[in-house]
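To find a chain, count down the sequence lines: A is the first, B the second, and so on, and within it residues start at 1.
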Amino acid sequence: MSDVRVRFAPSPTGYLHIGSARTALFNYLYARHTGGKFLLRIEDTDLARSTEESTNSILEGLKWLGFAPDEEIVFQSNNADKHRAAAMKLLEDGKAYRDFTPKAEPSDANVKDAIKERARAQGGDKNMRDNEYRDLSKDESDARAASGEPFAIRLKVPDAGKTSFEDQVYGPQERDYAETEDLVLLRSDGHPLYNLAVVCDDIEMQITHVIRGQDHLTNTHKQILIYEALGVTPPTFAHLPLIMAPNKGKLSKRKHGEVVSMTTYRDAGFIAAAFRNFLALLGWSAGEEREIYSLDELVEEFSLDGIHRSNAVFNFTEGDPRKWTDDKAIWMNAEYIRTMPLGELIPFVKPELNAAKLWRDEYEDDDKEWFENTINLIRQRFFTLKDFSSQGRAYFSEDFDFDAAAVEKNLKKFPDLKTWLPELATRFEVEFGDALQKPAREQGRNTQHSNKTFTEENIETVVKAFTEEKGTKLGVIMNGARTLLTGVAVGPSMLSVFETIGLERTLMRLRSQMAWNQSNET
RNA sequence: GUCCGGUUCGUCUAGGGGUUAGGACACCGCCCUUUCACGGCGGCAACACGGGUUCAAAUCCCGUACCGGAUACCA
């Protein structure tokens with residue numbers, strides 16, 4: 001057990017963003033790797049924008065990812081009194097001053113742009129120390145405050161010198177005091193501001209390492225100023241490169257919608273372990289040619305040294321259902337689905353089938369073996385958990401749709417199949433009929449049967465003979481049957497499909513004219 | 001504008017003085033096969049640019065360009 005204490009400190013102004021999720025991951029990994037503590041602090045000091053809904057959404061996202069904090073969650077707004085006290089102390093010590101400048105009216109334009117415009121207009125000549133109240137005498141300041149005049153409290157940044165720190169990712173960082181304005185600590189309505197709150201809380205929570213987005217780099221200099229004024233040694237800082245949109249611009253909810261929200265991935269059938277794995281590789285590398293890491297392996301391998309300095313692009317194509325999110329994330333998820341131990345996968349499949357009303361309790365009981373074999377068979381070509389209830393629907397229900405393209409390509413193109421397939425059903429019935437009363441899997445145990453069992457090898461023999469009789473190609477029969485049996489054009493070997501679907505359902509589906517009657521529309 | 005940071009295949013990245021610049025995803029081709037989004041094999045594809053330093057630069061230094069971040073009584 002080390003004394004490392006890190007925190008993930010999201011502000012509840014939206015759902016858990018993919019970038020925040022990665023920050024949480026890196027903090028979590030660092031804590032586990034060092035044997036330290038991973039803490040969670042909700043930075044809800046912006047009363048106007050913070051919502052409980054956001055807090056819940058963030059908590060949900062973290063829960064899904066599996067990052068439970070080691071201590072009670074800290075809500076920053078609960079500490080406002082302490083923040084105010086710290087500001088007052090700095091005022092007492094002469095490290096801060098009252099600014100009686102009337103609060104500027106918020107611009108009606110986009111705040112961010114307005115700030116940027118103003119900054120541009122001021123250029124590089126702006127004097128950060130030109131506040132007329134900076135050197136107001138204590139007596140006058142006290143008097144004006146006593147008279148009820150509103151004031152903000154600003155940090156009195158020293159005239160000469162510079163802040164510096166050793167960033168664990170970006171290396172040595174320096175910033176001249178002249179570049180930093182006398183930042184506001186306390187608003188004129190008494191509300192503590194971000195930088196003050198963060199410093200106070202990090203001190204109180206005894207945070208040793210601050211691991212956060214690179215967009216906080218300049219805040220860090222401001223915060224160091226506060227640490228210095230407070231006479232406290234700052235923690236170690238490690239800034240993370242940012243995750244950008246495909247055009248290398250900012251990844252935002254407004255512009256990019258749900259692709260950036262963690263809950264989207266949960267709801268889209270992603271496995272948390274796979275998404276974590278994907279996230280870990282965005283901006284970090286163990287320096288080896290490996291892609292798949294379990295959580296334990298990530299914890300083992302993780303180090304601040306492996307974090308990059310350049311931003312990463314989260315790649316996706318809006319409007320393309322096949323590439324709605326990053327290719328690698330989809331691949332990673334598929335990889336997990338097809339390779340993880342079946343026993344670990346099934347607990348994820350069950351709720352999915354349940355939600356689609358496809359679950360039957362027998363799958364854990366009498367039909368357990370069949371169910372496991374089926375899942376194992378169909379997972380090979382699946383990308384998400386959703387596929388089990390959509391593409392895999394025909395394995396669990398009679399009520400499934402026929403893909404129009406599959407019907408067109410595999411059935412209607414060969415009109416003979418309209419009679420051939422029902423004929424094949426009859427052939428199956430003749431060859432395997434005695435087995436009808438029992439599931440295919442149990443037939444092997446019954447040596448009394450004179451008929452052949454409905455298993456791959458036997459099915460192959462029958463279908464091949466049937467194909468020859470009809471003078472057609474095996475593929476025509478197989479693909480036609482595939483469409484009728486599963487509703488789709490892709491899937492595992494048809495012989496496995498026949499066996500898995502079972503004789504009874506196979507006969508019924510081969511004889512059904514439903515697909516044939518379906519119109520060409522979609 | 002100013003300050004800060006970054007730049008290796010389309011994307012994620014390895015490599016940090018001498019490599020045929022490696023891997024993964026995506027894409028393309030071939031194979032397997034009854035289809036396929038599984039699998040196998042292969043291919044396409046990158047050191048932003050210009051100067052230095054050096055016997056030797058993707059790697060070190062400087063500059064340029066481009067990209068990003070910050071710049072608030074937001075977080």
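- A sub-4.0 Å separation between OP1 or OP2 of B:A26 and a side-chain N or O of A:R322 is absent.
- Between B:C4, B:C3, B:A75, one nucleotide has an atom nearer to the side chain of A:L217 than all others, and that is B:C4.
- Taking a 6.0 Å sphere around CD of A:E149, one finds it holds more than 12 heavy atoms contributed by other residues, nucleotides or ligands.
- Residue A:R482 contributes atom CZ, which lies 10 Å from atom P of B:C36 at whole-angstrom precision.
- Close to B:G39, at under 4.0 Å from its OP1 or OP2, lies a side-chain N or O of A:R338.
- The phosphate of B:C3 has neither OP1 nor OP2 within less than 4.0 Å of any side-chain N or O from A:H221.
- Taken to the nearest 0.5 Å, the CD atom of A:E174 stands 10.5 Å off from the CD atom of A:E166.
- Checking the phosphate oxygens (OP1, OP2) of B:C73, no side-chain nitrogen or oxygen of A:S188 falls inside 4.0 Å.
- The partner of B:U64 is B:A48, by the rule that a Watson-Crick or G-U pair needs both atom distances under 3.5 Å.
- The environment of A:D401 atom CG is sparse: at most 12 non-hydrogen atoms of other residues, nucleotides or ligands sit within 6.0 angstrom.
- Ring geometry for A:F237 against A:H239 counts as parallel: the plane angle stays under 30°, on a 0 to 90° scale with 60° as the upper cut.
- Applying the 6.0 Å contact sphere to CD of A:E52 captures no more than 12 heavy atoms from other residues, nucleotides or ligands.
- Rounded to whole angstrom, the span from the CG atom of A:L242 across to the C1' atom of B:C67 amounts to 12 Å.
- When distances are taken from the side chain of A:V313 to each of B:C25, B:U11, B:U34, the shortest belongs to B:U11.
- Both distances falling under 3.5 Å, in either a Watson-Crick or a G-U wobble arrangement, occur for no nucleotide opposite B:A14.
- Among the heavy atoms of the strands lying under 4.0 Å from A:N479 is at least one base atom, whether or not backbone atoms are also near.
- The phosphate of B:A75 has neither OP1 nor OP2 within less than 4.0 Å of any side-chain N or O from A:R49.
- Remark: of the listed residues A:R154, A:R134, A:K156, A:K222, A:R134 is the sole one forming a salt bridge (charged side-chain N to carboxylate O under 4.0 Å, His left out) with A:D182.
- Regarding A:D182, its CG atom lies at a distance of 15 Å from the C1' atom of B:U71, rounded to whole Å.
- Note on A:H216: every side-chain N or O is 4.0 Å or more away from OP1 and OP2 of B:G69.
- In this structure, A:M494 places its CE atom 14 Å from C1' of B:U33, rounding to the nearest Å.
- Under 4.0 angstrom from either OP1 or OP2 of B:U11 there lies at least one side-chain N or O belonging to A:K248.
- Residue A:V184 places its side chain closer to B:C73 than to any other of B:C73, B:G69, B:G6.
- B:C66 and B:G29 have their C1' atoms separated by 36 Å, given to the nearest Å.
- Side-chain N/O atoms of A:S493 and base N/O atoms of B:U34 include a donor-acceptor pair closer than 3.5 Å.
- Counting to the nearest Å, the C1' atom of B:G23 and the CD1 atom of A:I292 are 13 Å from each other.
- Distances shorter than 4.0 Å separate some side-chain N or O of A:S285 from OP1 or OP2 on B:A14.
- When the nucleotides B:C3, B:A26, B:C36 are ranked by their closest atom to the side chain of A:E179, B:C3 comes out on top.
- Per the geometry, NE2 belonging to A:H239 stands 12 Å off P belonging to B:A70, to the nearest Å.
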